Every structure is written in C-alpha cells, then in structure tokens.
Amino acid sequence: MNEKILSTKKNGMAMLFTGILLYLVGFGAVIFGGVMLDSDETVVPGVIVFVLGLIWLCIGWIPFLGLKIMKPQEALVLTLFGKYIGTLKNEGFFWVNPFCQAVNPAAKTRLSQSGDVDGAGKSALVVNTGAGTANVSAEILSKKISLKIMTLNNNRQKINDCLGNPVEIGIAVTWRVVDTAKAVFNVDNFKEYLSLQCDTALRNIVRLYPYDVAPNVDTTGDGVADEGSLRGSSEIVAARIRDEIQERVNEAGLEIVEARITYLAYAPEIAAVMLQRQQASAIIDARKMIVDGAVGMVEMALDRLAEKHTVELDEERKAAMVSNLLVVLCGNQNAQPVVNSGSLY
C-alpha cells in the first residue's frame, strides 16, 4: 500500500461559499415557487420550482460534510466506499467527496505517551437538570493521525541478562508516523503494534548483555569477548534497541527517532545479594590500590635509607621494618606508636 497525498483539494472556502449561496437560492426558489402557485397561468412552473427548491433544502447539507480543516502536522486517511483514495497531509481548508470516510483504527488507543493520555479527545458538557447543573463527559474521537514526534514510555520489564540474572529495565522511544497508508492498512492498530515490538526488541537485546562487565562474554557476536554491559554501554545498547525496533516497524510506516534506557536495576529478589557483591568488589579493588601504594612507599623508604646511609639494617631488621610499615599504611585505624628509649639491640 503506497501513500497518495491529496494536494489539489484545497478549495474548502470556495465550496463553503458556493454551498451557502445554493442554500439561499433554494430558499428563494421555495418562496418564488409558492408565489407562482397563486397564479393559474404559472401553476405547473411554480410546482416545479417549489419542489426543486424544497429538495435542495433537504439534501443541500450533504456537500458540507466534505469540508475538512487540517492543522500542521496532522493527516487524514480517506476511503471512498472501501477504496483508499488518498491522504490529506497539508494544513488548510479542504473539500473532498462528502461520502469519503476517514480511517484511523488507533483513534481509541491510549498509551503512556506524550499527546496521547487519558482524557485526550474528550469534552465536558454542562447539563441543566432543573435543581442545578451537572457536568457530563462526552468523548469526541478524532480520526486524524498526528505526524508529530511522540514519546512512548513502555512499562518496566523483568528480563534475564546473558548470565541469567533478572533485571528490571524500562525504555522511552520517540517515534512518528511517516507513511499514513502503511500505518492504517498494513497493521491492525499501529500504536499497539509499536508497543508490542518495543517489548520484543527490548527482550532480544537485553538477553545479549550482562548487567555489569563480566569475563568471557561476547556481546557483539564476533566471537571475541568484550567489556559490553547494560550499565556501562547504555548508549550502544539503546542504539541496538532502536535499530531492532525500526526493522520491525518499517511495514507499519513508522520511524523510530530515538530509544533511551530510562530505568535499569536488578530485580528485587536479587538486588540485596548483588549489592553485597558490588560492595565486596569495591572493597577488594580499594584494598588492592592501598596495598600497591603501601608496597611502593616501603620500597621507596628502604631505597632512601640505603642511599643516604642513614642506618644500616640487616635482613631481619628490614623484614621487621617492612612489616611495621605495611601494618601502619594498610590499617583502618591510626597507628599507636611505641617509643623505644633503650638501645637498638
């Protein structure tokens, strides 16, 4: 199904004035025909004029059904007796065949997205009940399709990463309709179709990555282990999710502008255990750094003492000095020095 844009129907104002003028002519014909009926010589012409004017007053409202007002970034898909005849995409005042029907199967669909929230397309009517007034909510559904960029916030999903750990992840997808014919006729409901494809693509991509960097994990599919992860490679993961969704919604005439990860965390059942693991890993890394620095400082101290010939230490005294320095430098608490007031030996 190829989209056909109706750009030659921008004559709504002319048809509006023509319809009003014909209605005035119909009123005049009824009045003039009634006057002619009073004369015996013009009874037959009077009947004809009166009947034609009356018929026009009864059916003259039908051409007004073809008047369409289009705002910027709106589209209207039109069918005539079941056949697709084209799409109004430009802003302006249009007139089309009054028997054309607008089609938008997703008009009633409400998703968690900008410009499409509960209450959209509804108006409140004030009804006088005698004892007071009451507000009645009346839903006015519009068959127009928005061409604006919209944001879809899908619900958080619980997915197992490549190591089998359950994680909760949510994404925000910005999208827009680029081909109205495909969006209306190729899928049953393009909004629900997009939401389902977002869920499927998210699961397919997340299962390729670990939550955090893990050894011997290939996330790119080239057979070489890499350091890709959901937490550390969020931009790459989001780009792959976007490409996956775009590939799936091409037939629906949709364009995926961007996909972003909005929420990422371990599932509640393992969150506490994984937090302890991360804390333990952080403590080990910190201890490694402290030990490396302490060993370097001890080596520097021994080298400076030997270079300056400040004191001559045998191997046993060097070992004791190294042990004491490491205890002082690597300890969690401040050292309590012991002053030796006697001789060294």
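Remember, predicted model here, so these are calculated numbers, not experimental data. Just so you know, residue 1 is the first one in the sequence shown, and it goes up from there.
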Measure the shortest side-chain to side-chain distance between [X] and [Y] over non-hydrogen atoms and say whether it is less than 4.5 angstrom.
X      : Y      : answer
Leu163 : Val217 : yes
Leu194 : Ile256 : yes
Arg207 : Ile159 : yes

### Message
Which residues pass the side-chain hydrogen bond (donor to acceptor under 3.5 Å, both in side chains) test with Asp179, not counting sequence neighbours?
### Response
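Partners of Asp179 by the side-chain hydrogen bond (donor to acceptor under 3.5 Å, both in side chains) criterion come out as none, since no residue qualifies.
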### Option passing side-chain contact (heavy atoms from CB on, under 4.5 Å) with Ile145 (candidates Thr87, Val177, Val103)
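Going through Thr87, Val177, Val103 one by one, the side-chain contact (heavy atoms from CB on, under 4.5 Å) with Ile145 is satisfied by Val177 alone.
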Measuring from [X]:[atom1] to [Y]:[atom2], what's the distance to the nearest 0.5 Å?
X      : Y      : atom1 : atom2 : answer
Ile236 : Ile241 : CD1   : CD1   : 12.0 Å
Ile5   : Lys89  : CD1   : NZ    : 4.5 Å
Ile171 : Arg242 : CD1   : CZ    : 12.5 Å
Asn11  : Phe94  : CG    : CZ    : 9.0 Å
Asp161 : Arg231 : CG    : CZ    : 12.5 Å
Thr151 : Arg260 : OG1   : CZ    : 12.0 Å

Closest contact, heavy atoms only, [X] versus [Y]:
X      : Y      : value
Ala259 : Ala238 : O-CB, 3.2 Å
Trp95  : Met15  : CG-CG, 3.6 Å
Gly12  : Leu67  : O-CD2, 3.5 Å
Lys158 : Ala267 : CE-CB, 4.2 Å
Cys162 : Pro210 : SG-N, 3.3 Å
Ser234 : Ile261 : O-CD1, 4.2 Å

If the condition is salt bridge (Lys or Arg N to Asp or Glu O under 4.0 Å), which residues does [X] pass it with, not counting sequence neighbours?
X      : value
Glu227 : none
Lys182 : none
Glu255 : Arg176

### Query
Does the pair Glu244/Arg240 count as a salt bridge with the N-to-O cut at 4.0 Å?
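Arg240 and Glu244: not salt-bridged.
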So does [X] have more than 12 non-hydrogen atoms from other groups sitting under 6.0 Å from [atom1]?
X      : atom1 : answer
Lys4   : NZ    : yes
Leu264 : CG    : yes
Glu247 : CD    : no
Asp292 : CG    : yes

### Task
Given side-chain contact (heavy atoms from CB on, under 4.5 Å), test Leu65 with Phe99 step by step and report yes or no.
CA-CA 8 Å; Leu65 298 178; Phe99 295 101; over 6 Å; no
Determine all donor-acceptor pairs shorter than 3.5 Å in which one atom belongs to a side chain in residues 70-81; sequence neighbours excluded.
unit_1, atom_1, unit_2, atom_2, d
Glu74, OE1, Lys71, N, 3.3
Thr79, OG1, Gln101, O, 3.3

### Task
Starting from the C-alpha separation in whole Å, work towards a yes-or-no answer on side-chain contact (heavy atoms from CB on, under 4.5 Å) for Val206 and Gln157.
CA-CA 11 Å; Val206 170; Gln157 297 188 62; over 6 Å; no
### Message
Keeping Glu3 on the side-chain end and Thr180 on the backbone end, is there a donor-acceptor pair under 3.5 Å?
### Response
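Side chain of Glu3 to backbone of Thr180, a donor-acceptor pair under 3.5 Å: yes, one is there.
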### Task
Report yes or no: does Ser229 contribute a side-chain atom to a donor-acceptor pair with the main-chain N or O of Gly232 at less than 3.5 Å?
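Yes; at least one donor-acceptor contact below 3.5 Å.
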Taking [Y] as the starting point, is it possible to reach [X] by hopping between hydrophobic residues whose side chains are less than 4.5 Å apart?
X      : Y      : answer
Ile55  : Phe50  : yes
Tyr263 : Leu202 : no
Val298 : Met289 : no
Leu21  : Trp56  : no
Ile59  : Ile20  : yes

With sequence neighbours left out, write down each residue that passes side chain to side chain contact (heavy atoms under 4.5 Å, CB included) with [X], or none if nothing qualifies.
X      : result
Asp243 : none
Ile290 : Arg287, Cys330
Thr220 : Asp218, Asp222, Asp226

### Message
Under 4.5 Å side-chain heavy-atom separation, chaining through any Ile, Leu, Val, Met, Phe, Trp or Tyr, what else clusters with Met300? Say none if it is isolated.
### Response
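Hydrophobic cluster check, Met300: no partners found.
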### Pairs touching residues 225-252 that satisfy ring pair (Phe, Tyr, Trp, His ring centres under 6.0 Å), sequence neighbours left out
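Not a single pair qualifies under ring pair (Phe, Tyr, Trp, His ring centres under 6.0 Å).
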### Task
If a pair satisfies ring pair (Phe, Tyr, Trp, His ring centres under 6.0 Å) and one of its residues is in residues 179-226, list it, with sequence neighbours excluded.
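As it turns out, the ring pair (Phe, Tyr, Trp, His ring centres under 6.0 Å) pairs with a partner in residues 179-226, which skip direct neighbours, are Tyr84-Phe185, Tyr211-Tyr266.
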### Task
Could you please spell out the steps behind the side-chain contact (heavy atoms from CB on, under 4.5 Å) verdict for Gln197 and Leu254?
CA-CA 12 Å; Gln197 297 308 319; Leu254 306 180; over 6 Å; no
Pair up each side-chain donor or acceptor in residues 23-36 with any protein partner under 3.5 Å, not counting sequence neighbours, and list the distances.
unit_1, atom_1, unit_2, atom_2, d
Tyr23, OH, Leu57, O, 3.2
Tyr23, OH, Trp61, N, 3.4

